[in-house]
Amino acid sequence: MSTRIVSTEPLEKAASTVPFHRKISYSLTDTAGNLLYCVISSYLLYFYTDVFGLSIGIAGTLLFITRFIDAIDAPIWGILIDRTKSKYGQSRPYFLWLSIPFAVFMVLTFTTPNWSESGKIVYAAITYIIAGILYTGISTPITSILPNLSNNSNERVVLNSFRMVGGNVGFFIATTFTLPLVAFFGQGNDQKGFSLTLILFGIMAVIMFLIAFADMRENTAVKTKSIPIAKSFAAIKRNWPWMLVVAANLCYWIGLNIRSSTLIFYLQYNLDSKDLVPLINGLTSIQLISMVLIPIFARKLSKNSIMIIGLVLAALGQVVILMGSANLTLIIAGWIIGALGSGFACSMPFAMLSDTVDYGEWKNGIRASGFLTSIGSAFCIKAGSGIGGILPAWVMGSTGYIAGKVQTPTALSGIQFSFIWLPFIIFLIGIIPMFFYKRFEKNEASIQQDLVARRSE
């Protein structure tokens, strides 16, 4: 196996501006991915415990182990993408090849066979791992294709904003309408309701992926030649900006997954207001404002500054929710503040990863966009999901949580700590790498100019 190293052949004519319709198509990829995957991040822990019938300890451990195993495939998918040669490009064909298998296994993940507990655990592990592997295979190209859509850093920021808006639409549909659709389709049978809801979402996602595949073009892909697989890891060597982005992004996704997966527990058991879950989740769409504003902010602020603002707001939102206690107005205000922060913090790493691909090429002579972005995006998302699943499960399990029962004061404190303080702490930790990233941004323009000069030789 091998990846690719930049050659000295001339580049094809570079396209710096992407047509509007193609930006819309690019946004559909993340709409489709989030439409399915955000059901996992928001409801899978609850589904495993309160619908599928697994204990909180088993469910949390299952989420962590399967995500740990699954996360290993991220660099493998990156290498495969870097090796892909087709008339459709490197990244684009994966939207065609994997959309249907991904949708099918997402449906199976939320299907509940009437088996023994050990059988359920095996079934859940297999379907979840395969669904996760396929998600990586189809989400990695969403990020790796970005450097090949345009060679202009500012245009990439705009493209990424379109992507984030599209992803937010998928997130909004998944988190807001899942429970109402489960109730509608299931008519009291949540197992049936979840399966039928995921079938509907799966059909919608496949259609969007196919539209994106048909319209998108990779116009600025660098001509490359194969090298041994060991060279893939050389793309990481001395690429410290990439390491910083990965660290910050991982923290963000851990914090986000903890907050998302424990919201339903907090509202149901601490506030006795499970019916508020769709409303609160729906308010997450407020982060669209942040995503739309990013290109404007980027004219005045550095990328690392925008990322820091996002993480600070995400952490602040948790504090406001705690201050609100049972006050719905303050809870909503805190959630909105956190959502605005998430809009910034979720979007920026994807744009920064494209720039670190350029840095890796400049520093090491290797342009492994698939490999670097797969770890920087898909790995962080999936590792964040695994860690973000087991941490609250451990806390809630150790404090006595029992699914479907009246919780003890200790168990309620465990739910509150998991929902409020764990994300708060992790969001703040994510800020630290960004203080060092600004050093790279100061030299970004000169690196781009040097790369253009090298490629033209």
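Since the model is a prediction, treat every value here as computed from it, not as a measurement.
Listed by first and then second residue, the side-chain hydrogen bond (donor to acceptor under 3.5 Å, both in side chains) pairs involving residues 329-339 are T284-W335 (not counting sequence neighbours). Pairs engaging residues 286-332 under the ring-ring contact (aromatic ring centres under 6.0 Å, His included) rule: F297-F344 [sequence neighbours left out].
Under 3.5 Å, the side chains of S91 and S144 contain a donor-acceptor pair of N or O atoms. A donor-acceptor contact closer than 3.5 angstrom links the side chains of W253 and N249.
Ring geometry, F110 versus F194: the interplanar angle falls under 30°, so the pair is classed parallel (tilted spans 30 to 60°). Taking the six-membered ring where tryptophan is involved, the planes of F213 and Y88 are perpendicular, since the angle between them exceeds 60° and thus also 30°. The aromatic rings of W97 and Y94 stand perpendicular to each other, their planes meeting at an angle above 60°, with 30° marking the opposite boundary. Below 30°, between 30° and 60°, or above 60°: for Y48 and Y128 the angle between ring planes is above 60°, a perpendicular geometry.
Checking S42, S418, S342 one by one against R259, the side chain to side chain donor-acceptor pair (under 3.5 Å) holds for a single residue, S342.
In terms of the side chain to side chain donor-acceptor pair (under 3.5 Å) criterion, K120 has no residue partners (sequence neighbours excluded).
In terms of heavy-atom proximity, S99 sits nearest to L210 at OG-CD2, 4.0 Å. Across every non-hydrogen atom of A174 and N34, the tightest pair is CB-O, 3.9 Å.
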